Amino acid sequence: DSGSSCSQHQPVVNKKFLAAALGNWLEWYDFGVYAAVPQILGSHFFPSHDPSVQIMQSFMAFAAGYVTRPLGGILIGVIGDRIGRKG
């Protein structure tokens, strides 16, 4: 019965979809919070006498994370393909 084999694969697909959706949501939540409060983060993590420099440094850290995200995905993807898909 092809109907029973399809129903057996459905929970696995749903589980993978939920895991991917949760990871994506957490990543964008992190970026959203970081982008929403650069003045507070700048004053706490980038000590300087000029508030505009603190905000610029905060946005530069945000930009570095945004730019390196695809590179990390490529690197981790290659490692996962080589090591994680043995079985």
Side-chain angles (χ1 to χ4, degrees):
D1 290 280
S2 63
S4 64
S5 65
C6 181
S7 65
Q8 290 174 351
H9 294 294
Q10 190 69 20
V12 174
V13 172
N14 287 340
K15 196 174 196 182
K16 290 179 182 179
F17 174 77
L18 289 175
L22 178 64
N24 193 11
W25 179 81
L26 285 172
E27 184 174 0
W28 282 104
Y29 177 77
D30 181 41
F31 277 122
V33 167
Y34 198 84
V37 290
Q39 188 173 14
I40 296 167
L41 293 173
S43 65
H44 282 60
F45 294 107
F46 303 108
S48 175
H49 295 292
D50 188 6
S52 62
V53 172
Q54 291 174 340
I55 292 173
M56 283 189 347
Q57 288 175 329
S58 181
F59 278 131
M60 286 171 46
F62 174 71
Y66 193 77
V67 168
T68 58
R69 189 182 88 187
L71 300 175
I74 291 169
L75 178 67
I76 298 300
V78 169
I79 292 171
D81 286 343
R82 289 188 182 166
I83 296 172
R85 297 187 187 194
K86 297 287 183 185

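Atoms considered below: every heavy atom in the structure, side chains included; atoms not considered: hydrogens, waters and symmetry mates. Keep in mind it's a predicted model, so treat the numbers as computed, not measured.
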Discussion item. Under 4.5 Å between side-chain heavy atoms, counting indirect links through other Ile/Leu/Val/Met/Phe/Trp/Tyr residues: same cluster for Phe62 and Val37 or not?
Written reply: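 Yes: a chain of side-chain contacts under 4.5 Å links Phe62 to Val37.
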
Discussion item. Under 4.5 Å between side-chain heavy atoms, counting indirect links through other Ile/Leu/Val/Met/Phe/Trp/Tyr residues: same cluster for Leu75 and Ile83 or not?
Written reply: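 Looking at the clustering, Ile83 is in the same group as Leu75.
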
Practice prompt. Write out all pairs satisfying salt bridge (Lys or Arg N to Asp or Glu O under 4.0 Å) with one or both partners inside residues 18-35, taking only residues at least two apart or from two chains.
Written response: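 Output for this query lists Glu27-Arg69.
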
Worksheet item: How long is the gap from CD1 on Ile55 to CD1 on Ile40, to the nearest 0.5 Å?
Response: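 So the gap between those two atoms works out to 10.5 Å.
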
Discussion item. Using every non-hydrogen atom in the two residues, find where Gln54 and Phe46 come nearest and quote the distance to one decimal.
Written reply: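 Closest heavy-atom pair between Gln54 and Phe46: CG-O, 3.1 Å.
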
Fill in: Contact check, side chains of Leu22 and Leu26, non-hydrogen atoms, under 4.5 Å
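Yes, their side chains come closer than 4.5 Å.
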
Fill in: side-chain contact (heavy atoms from CB on, under 4.5 Å) against Tyr29, all qualifying residues, sequence neighbours excluded
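Listed in chain order: Trp25, Val33.
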
Worksheet item: Got a sec, which residues hit side-chain contact (heavy atoms from CB on, under 4.5 Å) with Phe45, two or more places apart in sequence or on another chain?
Response: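 By the side-chain contact (heavy atoms from CB on, under 4.5 Å) rule, Phe45 matches Leu41.
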
